[in-house]
Protein chains: 2
Amino acid sequence: MSETIEQKCLAKGVKLTEQRRIIAQVMSKSNDHPDVDELYMRVSKIDPKISIATVYRTVKLFEESGILAKHEFKGSKARYEELNEGHHDHLIDVKTGEIIEFVDDEIEKLQKKVAEKYGYDLVDHKLELYGVKKNK
Amino acid sequence: MSETIEQKCLAKGVKLTEQRRIIAQVMSKSNDHPDVDELYMRVSKIDPKISIATVYRTVKLFEESGILAKHEFKGSKARYEELNEGHHDHLIDVKTGEIIEFVDDEIEKLQKKVAEKYGYDLVDHKLELYGVKKNK
DNA sequence: GTAGATGCAAAGTATTTGCGACAAG
DNA sequence: CTTGTCGCAAATACTTTGCATCTAC
């Protein structure tokens with residue numbers, strides 16, 4: 001089982017305010033990949049006084065603290081998701097926008113190999129697949 | 001040898017204006033991945049009357065026509081490069097911003113396989129590796 | 001008590017668009 | 001000719017920031 005966002009904040013020395021607690025809870029409950037507007041709407045239902053500036057500041061802080069991952073899929077706004085130990089990449093349905101998470105260890109290994117081939121240590125990577133559903 | 005951008009425009013029925021011709025030439029000569037501002041500066045040296053709006057309109061048009069590729073690397077502005085038949089992905093040096101192009105057929109194949117596993121035809125993909133140079 | 005967080009509105013970036021003038025086919 | 005493009009400035013979309021106030025620790 002992975003730590004809660006609140007535990008991660010403590011561990012990283014991030015001050016836990018009421019607003020951050022709410023944003024953390026909303027992200028934890030979200031199984032999709034909301035953008036800032038969507039997150040702001042969800043958060044506003046719990047505490048309507050939270051400002052969008054705080055949401056922006058918080059997602060940025062959480063991203064820098066390794067608590068959230070930011071994705072910038074083709075042609076859309078930045079989206080966020082909670083970062084748990086299980087790394088995964090994304091397959092995006094270009095027709096519906098549906099996002100499927102997947103893991104492929106072999107691709108991961110090959111990526112590291114490519115980086116090494118050029119004399120680099122891989123510190124991060126981004127893999128996004130865009131597809132259309134097969135009709136049979 | 002691959003077609004020139006002008007030939008591609010003809011083939012796709014894209015009207016060839018003086019401005020587009022200049023933007024096409026500048027992109028063809030560029031071996032890096034300029035963002036719109038940078039491209040605008042380069043283009044302005046040839047014809048100072050071209051407006052940034054035209055540059056934006058043109059890169060968008062060229063992208064939709066499959067003439068240019070748009071990249072949105074982590075935390076930076078959109079960058080463009082000419083699209084030739086040889087597909088490649090990018091390895092970005094997170095310290096210097098240097099961009100290395102690479103090809104890995106095996107990764108390509110695995111991507112297709114992953115998409116198929118979920119019942120999708122792969123129409124596009126994005127793979128970016130972020131690394132730091134090894135110190136020995 | 002104090003450093004850091006918040007809300008608000010204003011300011012930044014990056015990009016798009018309405019419109020009248022103009023150019024390509 | 002006619003349709004689409006250009007330049008300009010204004011508009012939009014997303015995100016950041018200055019500042020006075022407030023809150024976690």
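In what follows, chains are A, B, ... by sequence order, proteins preceding strands, each numbered from 1. As the structure is a prediction and not an experimental result, all values here were calculated from the model.
Rounded to a whole Å, the OH atom of A/Tyr40 is 14 Å from the C1' atom of D/dT15. As rounded to whole Å, 15 Å separates atom C1' of D/dT5 from atom NZ of B/Lys60. With rounding to whole Å, A/Lys49 atom NZ is found 11 Å from C/dG7 atom C1'. Rounded to an integer number of Å, the gap from A/Arg57 CZ to C/dG12 C1' is 15 Å. Atom CE in A/Met41 sits roughly 12 Å away from atom P in D/dC14 (whole-Å rounding). Look at CD1 on B/Ile52: it is 14 Å from P on D/dA9, rounded to the nearest Å. In this structure, CG of A/Asp37 is placed 8 Å from P of D/dT15, rounded to the nearest angstrom. The separation between B/Phe73 atom CZ and C/dA14 atom C1' is 18 Å, rounded to whole Å.
With salt bridges taken as basic N to acidic carboxylate O contacts below 4.0 Å, none links B/Lys95 and B/Asp93. Taking the charged nitrogens against the carboxylate oxygens, A/Asp32 and A/Arg42 do have a contact shorter than 4.0 Å, which makes a salt bridge.
At the heavy-atom level, B/Lys15 lies under 4.0 Å from base atoms of the strands shown.
For D/dT16, the OP1/OP2 oxygens have no side-chain nitrogen or oxygen of A/Tyr56 closer than 4.0 Å. In terms of phosphate contacts, B/Gln19 brings no side-chain nitrogen or oxygen within less than 4.0 Å of OP1 or OP2 of C/dA23. Under 4.0 angstrom from either OP1 or OP2 of C/dG7 there lies at least one side-chain N or O belonging to A/Thr54.
Checked against D/dG7, C/dG7, C/dT6, the side chain of B/Ile50 finds its nearest nucleotide in D/dG7.
In this structure, B/Lys74 is positioned above the aromatic face of B/Tyr130, its NZ or CZ under 6.0 Å from the six-membered ring centre and within 45° of the axis.
Formation of a donor-acceptor pair under 3.5 Å by the A/Arg20 side chain with backbone atoms of A/Lys15 is found in this model.
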